Amino acid sequence: MSTHPVATQSPSVEKPVNLPEPQSLTAERLRAWSWHRQGLDGSLAGCTAEQVLARAGWARSVGGANPYLTLFARAGIRREQVDADVLAHRILELPVARGCTYVLGREDFAWALQLGRDAAESAFKVVGRLGVDRGEITLLEEQVLHTLAEADGPMDPRQLKDELGDSVRNLGEEGKKKGATTTLPTALGILQSDGRIRRIPANGRLDQQRYAYQPWGLPPSDLDDDDARTELIRRYLGWTGGATFKQSQWFTGFTVAQSKAALAAVGAVEVPTALATAGGDPLWMLPEDVGSLAAFEEPAGEQIQLLAGTDSLFLLRRNAADLLAEEDLHKPALGSLALQADLPDHPILDRGRIIGLWQYDPAKERIVPWLFHGPTPAVTQRIAEVEAWIREDLGDFRAFSLDSPVSRQKRIDGLAAAAEAAEAGSPAAGTAS
């Protein structure tokens with residue numbers, strides 16, 4: 001697609017950056033661009049888990065299967081290899097941006113942990129309001145480290161609590177109301193954010209939220225806090241291929257001033273789009289990506305993927321509605337989706353456009369899909385491939401730690417009913433509620 005360059009000056013680069021004409025940056029084009037930047041077009045085939053996470057972004061890990069599908073969809077990496085990478089500490093699940101847990105590669109461990117320290121300190125403020133002073137938590141941290149160092153292997157929170165005895169204070173009903181039943185989680189959170197201990201899956205799997213702890217001693221990052229924030233913005237804009245100011249703030253948790261400073265430090269360029277003319281916000285992009293977007297050609301053929309609802313394609317910007325075509329926004333089951341940041345089910349996509357939803361039914365060992373416009377051979381083939389992978393590698397596909405076949409049965413039944421109605425040509429097609 002041809003574009004007409006418009007010269008603008010980015011905050012910290014000397015040469016003007018030629019912007020694509022806003023009218024050329026349509027919803028369809030931007031969907032395909034994000035798809036490409038996320039490596040969902042086959043460009044990450046054969047890469048390692050570390051390489052995928054560096055290119056596509058850290059994988060959200062709320063005790064669900066998203067990290068596994070993130071790596072399988074982009075590079076065909078099977079669960080056995082992912083678990084081996086975790087065991088070898090090539091990738092780990094750590095509390096990083098906003099203190100939330102993501103799976104990331106080892107080159108990012110130290111500076112990414114630095115980003116989560118404010119969240120760990122915030123947890124101390126909660127127990128501080130319950131009468132716990134910093135000295136008590138510091139002492140508990142040292143006792144945890146000593147206990148883990150003397151242990152024969154990793155210890156889970158219950159084992160630690162039993163071993164530490166009265167050193168762990170019960171915070172009673174008031175603490176329970178504030179989400180802090182004892183002082184142990186606060187101490188563990190601070191130790192994790194400092195890289196002095198690490199949390200590991202108790203059974204080696206990322207999709208089952210049972211953890212144990214072991215000593216770590218990770219060398220600290222050589223970046224100061226401003227540099228760490230700058231690095232996160234650089235990575236984030238690279239992962240997404242561009243995001244609005246508000247989207248970047250949601251992911252990073254930065255203040256307005258911190259966000260502006262980090263964007264300026266990387267020389268981010270404000271890029272108007274066709275969406276902005278309709279009342280949307282412009283994108284902030286890395287200077288080198290602006291030219292790449294101008295030269296980008298949308299794929300002509302189908303590129304089908306089944307992803308988790310928490311995949312980086314959606315979670316980094318929480319813009320699921322932008323990935324729906326205008327004609328699909330008005331389906332009964334999706335009427336409210338345009339106003340939601342997150343998806344009710346897992347998506348089926350073609351070149352960045354959501355073309356259907358899916359859930360896994362472990363009782364029948366099958367994927368239950370609802371396709372908005374019926375299947376193509378490529379869609380049918382990819383569903384079969386992902387279904388076989390879930391059956392062989394995972395056994396089930398949980399969205400998060402408390403997800404279960406029982407809890408998702410209503411969604412499974414709704415998708416199945418919508419699919420049947422669509423096949424029958426019924427007006428009720430699309431009511432997967």
Side-chain angles (χ1 to χ4, degrees), residues 31-32 34-49 51-53 55-57 59-61 64-85 103 205-207 299-315 320 323 343 345-399 403 405 408 411-412 415-416 418-419 422-423 432:
R31 283 196 290 262
S34 297
W35 183 257
H36 164 66
R37 294 298 301 181
Q38 279 287 303
L40 289 161
D41 55 358
S43 57
L44 290 177
C47 287
T48 66
Q51 291 169 331
V52 171
L53 296 171
R55 161 80 180 272
R60 189 74 167 98
S61 56
N66 173 57
Y68 290 120
L69 186 51
T70 290
L71 297 169
F72 179 73
R74 290 164 173 82
I77 301 173
R78 306 295 295 239
R79 196 203 95 203
E80 183 180 5
Q81 180 60 56
V82 177
D83 292 347
D85 287 339
V103 177
R205 290 186 59 161
L206 294 168
D207 59 347
E302 287 178 285
Q303 294 178 352
I304 307 301
Q305 294 282 7
L306 277 69
L307 300 177
T310 49
D311 187 89
S312 294
L313 182 67
F314 317 101
L315 194 69
L323 305 184
L343 293 164
D345 299 294
H346 307 300
I348 304 169
L349 301 103
D350 178 13
R351 291 161 286 180
R353 172 183 170 180
I354 298 174
I355 60 171
L357 302 173
W358 68 277
Q359 289 280 0
Y360 186 76
D361 184 349
K364 298 181 179 178
E365 296 187 328
R366 70 185 185 102
I367 283 174
V368 178
W370 168 42
L371 294 157
F372 303 157
H373 304 285
T376 66
V379 171
T380 300
Q381 178 180 337
R382 190 55 181 166
I383 289 174
E385 291 169 350
V386 175
E387 184 177 84
W389 169 74
I390 294 174
R391 188 166 53 242
E392 296 164 11
D393 282 29
L394 305 181
D396 192 10
F397 195 90
R398 303 199 310 169
D403 188 17
R408 80 177 83 106
R411 297 300 313 171
I412 291 173
L415 291 177
E423 280 189 29

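One-based numbering along the sequence shown. On a predicted model such as this, the values are computed, not experimentally measured, just so you know.
- With sequence neighbours excluded, the residues satisfying side chain to side chain contact (heavy atoms under 4.5 Å, CB included) with S34 are L313, R317.
- For the residue pair R74/Q305, the side-chain donor-acceptor check at 3.5 Å is not satisfied.
- With a 4.5 Å cut-off on side-chain heavy atoms, I390 and L69 do not count as touching.
- Look at R408 and D396 and you find a salt bridge, because one of the NZ, NE, NH1 or NH2 atoms lies within 4.0 Å of a carboxylate O, short of that distance.
- Rounding to the nearest 0.5 Å gives a distance of 6.5 Å between OH of Y360 and CD of E387.
- Residue pairs that meet the salt bridge (charged side-chain N to carboxylate O under 4.0 Å, His left out) test with at least one member in residues 358-377, sequence neighbours left out, do not exist here.
- Using a 4.5 Å cut-off on side-chain heavy atoms (C-beta onward), L307 and L40 make contact.
- Judged purely by atom type and a 3.5 angstrom limit, R351 uses its side chain to pair as donor or acceptor with the backbone of P299.
- Between the CD atom in Q38 and the CZ atom in R55 there is a gap of 8.5 Å [rounded to 0.5 Å].
- Residues Y68 and D83 have side chains in contact (heavy-atom distance under 4.5 Å, counting atoms from C-beta outward).
- The shortest non-hydrogen separation linking L44 to A75 is O-CB, 3.4 Å.
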**OP:** Would you check, one step at a time, whether the test side chain to side chain contact (heavy atoms under 4.5 Å, CB included) holds for I383 with I304?
**Re:** CA-CA 9 Å; I383 289 174; I304 307 301; over 6 Å; no

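- Taking every heavy atom of both residues into account, A320 and I354 meet most closely at O-CD1, 3.7 Å.
- From L306, atom CG reaches atom CD1 of I348 across 4.5 Å, with rounding to the nearest 0.5 Å.
- Put simply, the side chain of Q359 never gets that close to the backbone of I412: no donor and acceptor are under 3.5 Å apart.
- The number of heavy atoms from other shown groups lying within 6.0 Å of CD (E392) is above 12.
- Shown here for F314 and P347, the closest heavy-atom pair between the two residues is CZ-CG, 3.1 Å.
- Residues satisfying the ring pair (Phe, Tyr, Trp, His ring centres under 6.0 Å) criterion with F397, sequence neighbours excluded, are H346, W358.
- Across all their heavy atoms, P375 and T380 have their closest contact at CB-OG1, 3.6 Å.
- Looking at L206 and S61, their side chains never come closer than 4.5 Å, going by heavy atoms from C-beta outward.
- To the nearest 0.5 Å, atoms CD1 (I355) and CG (L323) are separated by 12.5 Å.
- The side chain to side chain contact (heavy atoms under 4.5 Å, CB included) search around D393 returns R78, R79, W389, not counting sequence neighbours.
- If you take CD1 on I77 and CZ on F72, they are separated by 10.5 Å, rounding to the nearest 0.5 Å.
- For the atom pair E423 CD and L371 CG, the distance stands at 9.5 Å (nearest 0.5 Å).
- By the side chain to side chain contact (heavy atoms under 4.5 Å, CB included) test, A384 pairs with no residue at all, sequence neighbours left out.
- The minimum heavy-atom distance linking R60 with L315 is given by the pair CB-CD2, 3.3 Å.
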Original post:
side chain to side chain contact (heavy atoms under 4.5 Å, CB included) between Q81 and L71: does it pass, once the steps are laid out?
Top reply: CA-CA 10 Å; Q81 180 60 56; L71 297 169; over 6 Å; no

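- Residues E302 and V379 have side chains in contact (heavy-atom distance under 4.5 Å, counting atoms from C-beta outward).
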Subject >> Stepwise side chain to side chain contact (heavy atoms under 4.5 Å, CB included) test for L394 and R205 >> reply: CA-CA 9 Å; L394 305 181; R205 290 186 59 161; 4.0 Å; yes

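- Residues passing the ring pair (Phe, Tyr, Trp, His ring centres under 6.0 Å) test with W35, sequence neighbours excluded: none.
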